[in-house]
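This report refers to the structure that appears directly beneath it.
Since the structure is predicted, the reported quantities are computational estimates derived from the model, not experimental observations.
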Amino acid sequence: MSDQAKKLRQMLHHHDKKAKTISVVSGKGGVGKSNTSLNFALQLLELDFKVLLIDLDIGMGNIDILVGNDANYSIANLFNEFLSINDIIELGPNNLHYIAGGTSLEEIVHLRNEQLQFFFDEMEKVIQLYDYVIFDLGAGVTEATLSFILASDECIVLTTPEPTAITDAYSMIKHIIQRNNALPMNVLINRCKNEREGKQTMMKFTKVIEHFLQKEVKPIGILPEDPIVTTAVIKQVPYTMLNERASVSKAMKIIVQSYVSGDQEDALSEERGSFILRLKKMLGKG
């Protein structure tokens, strides 16, 4: 663990940008959010970005299972034992840095001041260390989940074409924009039977949001239904690594390349690195 901490400190010394924070959310469970977060992060790594994936899908934390790892530590160790962020970061496939889930996210709103301050200080290190910090958040809306979403630079809302998933994703977006209409929001449709279904779902969904919520969301891609995803979960190997030629892997690669291309343009006019200040405000500590 000390060697790993040393490497992280060396990265910090050579890195002067501030990370973009992204919350990945869904209205309901079972739409493939953790799998999507993981493979999205891995494709960012392929493009030579420094990425940290933080599993905050508490109770349903899946990242270590999806990568076939038994995590030594989780975010709970930071809160309860004051372990540094360097010590709780796990190494996954392709040298992915991630933090496992392991405590109720709701607990964060009840932490003592010294626990919260330690968390803020450690997260500040992370913001300076990476290019992207991705929060894999639990499905549905809670105050703690909303705090992380609203503190992030932007969010990705994941849904499938199923009517229940669409309805819950709409409800999630409505909750978010009621609190902050300016937060940049992206929509990603998962498990589409074919491209036609995906495009139709995306077009209808984004139009409904624009019409009823007066919010423009950015469609960032469509992921096809692909049996390789189930195989990857069973083998505990991320699907983009198990078979990079699979239809879902190729789609994810294109989505991330397109996302990064647009993100580099946005970064020129965007002020990043205010995640901690916003989170403090959300938790009534700012």
Side-chain angles (χ1 to χ4, degrees), residues 1 3-4 7-8 11 22-26 28-75 87-102 130-139 156 158-160 165 188-195 198 220-260:
M1 291 304 293
D3 287 344
Q4 182 181 328
K7 287 177 185 176
L8 288 166
M11 278 175 61
I22 306 169
S23 286
V24 183
V25 303
S26 65
K28 68 188 289 287
V31 298
K33 184 171 46 54
S34 293
N35 225 332
T36 300
S37 301
L38 170 62
N39 285 280
F40 191 94
L42 286 168
Q43 288 304 300
L44 285 171
L45 283 178
E46 286 290 321
L47 297 174
D48 292 326
F49 290 104
K50 295 182 178 73
V51 184
L52 176 65
L53 177 60
I54 302 181
D55 188 350
L56 292 175
D57 190 357
I58 310 304
M60 297 289 286
N62 288 328
I63 299 301
D64 48 350
I65 296 170
L66 292 172
V67 300
N69 240 3
D70 284 326
N72 295 302
Y73 301 103
S74 75
I75 196 79
D87 290 332
I88 66 170
I89 290 174
E90 304 283 341
L91 293 181
N94 203 16
N95 206 31
L96 171 70
H97 290 189
Y98 77 95
I99 296 175
Y130 295 91
D131 297 305
Y132 292 95
V133 175
I134 299 173
F135 300 109
D136 175 23
L137 287 160
I156 296 174
L158 184 73
T159 184
T160 68
L188 183 54
I189 312 285
N190 194 25
R191 295 184 190 149
C192 300
K193 291 176 187 171
N194 50 54
E195 192 174 353
I220 60 168
I222 295 158
L223 291 168
E225 182 81 68
D226 192 324
I228 193 70
V229 176
T230 302
T231 305
V233 172
I234 293 168
K235 290 181 177 288
Q236 293 184 290
V237 179
Y239 61 73
T240 50
M241 298 182 71
L242 184 64
N243 185 352
E244 62 181 19
R245 294 190 180 90
S247 59
V248 69
S249 300
K250 289 192 285 188
M252 179 61 83
K253 185 174 184 176
I254 291 168
I255 286 167
V256 172
Q257 286 177 340
S258 176
Y259 177 85
V260 166

For a quick test of reading the model, state the closest non-hydrogen atom pair linking [X] to [Y] and the distance between them.
X      : Y      : value
Pro238 : Asn39  : CB-OD1, 3.5 Å
Leu96  : Ala41  : CD1-CB, 4.1 Å
Val260 : Tyr132 : CG2-OH, 4.2 Å
Cys192 : Gly198 : SG-CA, 3.5 Å
Tyr130 : Ile89  : OH-CD1, 3.5 Å

Roughly how far, to the nearest 0.5 Å, is [atom2] of [Y] from [atom1] of [X]?
X      : Y      : atom1 : atom2 : answer
Leu66  : Asn35  : CG    : CG    : 5.0 Å
Leu53  : His97  : CG    : NE2   : 12.0 Å
Phe40  : Asp136 : CZ    : CG    : 12.5 Å
Leu42  : Leu47  : CG    : CG    : 11.5 Å
Asn94  : Glu46  : CG    : CD    : 5.0 Å
Thr240 : Ile228 : OG1   : CD1   : 10.5 Å

Chi angles and distances behind the side chain to side chain contact (heavy atoms under 4.5 Å, CB included) call for Ile134, Leu44: CA-CA 11 Å; Ile134 299 173; Leu44 285 171; 3.9 Å; yes
Report, as yes or no, whether the 6.0 Å neighbourhood of atom [atom1] on [X] holds more than 12 heavy atoms from other residues, nucleotides or ligands.
X      : atom1 : value
Gln236 : CD    : yes
Asn95  : CG    : yes
Glu244 : CD    : no

Within-4.5 Å side-chain heavy-atom neighbours: [X] and [Y]:
X      : Y      : result
Ser34  : Ile63  : yes
Ile88  : Ile99  : yes
Val24  : Leu137 : no
Glu225 : Arg191 : yes

Side chain to side chain contact (heavy atoms under 4.5 Å, CB included) between Ile156 and Val25, worked out: CA-CA 6 Å; Ile156 296 174; Val25 303; over 6 Å; no
Any sub-3.5 Å donor-acceptor pair from [X]'s side-chain atoms to [Y]'s backbone N or O?
X      : Y      : answer
Asn190 : Lys33  : no
Ser26  : Ala139 : no
Gln43  : Gln257 : no

In a table with atom names and distances, give each donor-acceptor pair under 3.5 Å that connects a side chain of residues 247-256 to protein atoms at least two apart or in another chain.
| from | atom 1 | to | atom 2 | distance (Å) |
| --- | --- | --- | --- | --- |
| Ser247 | OG | Asp226 | OD2 | 2.6 |
| Ser249 | OG | Tyr239 | O | 3.1 |
| Ser249 | OG | Asn243 | O | 2.7 |

Donor-acceptor pair between Asn69 and Tyr98 side chains, under 3.5 angstrom: yes
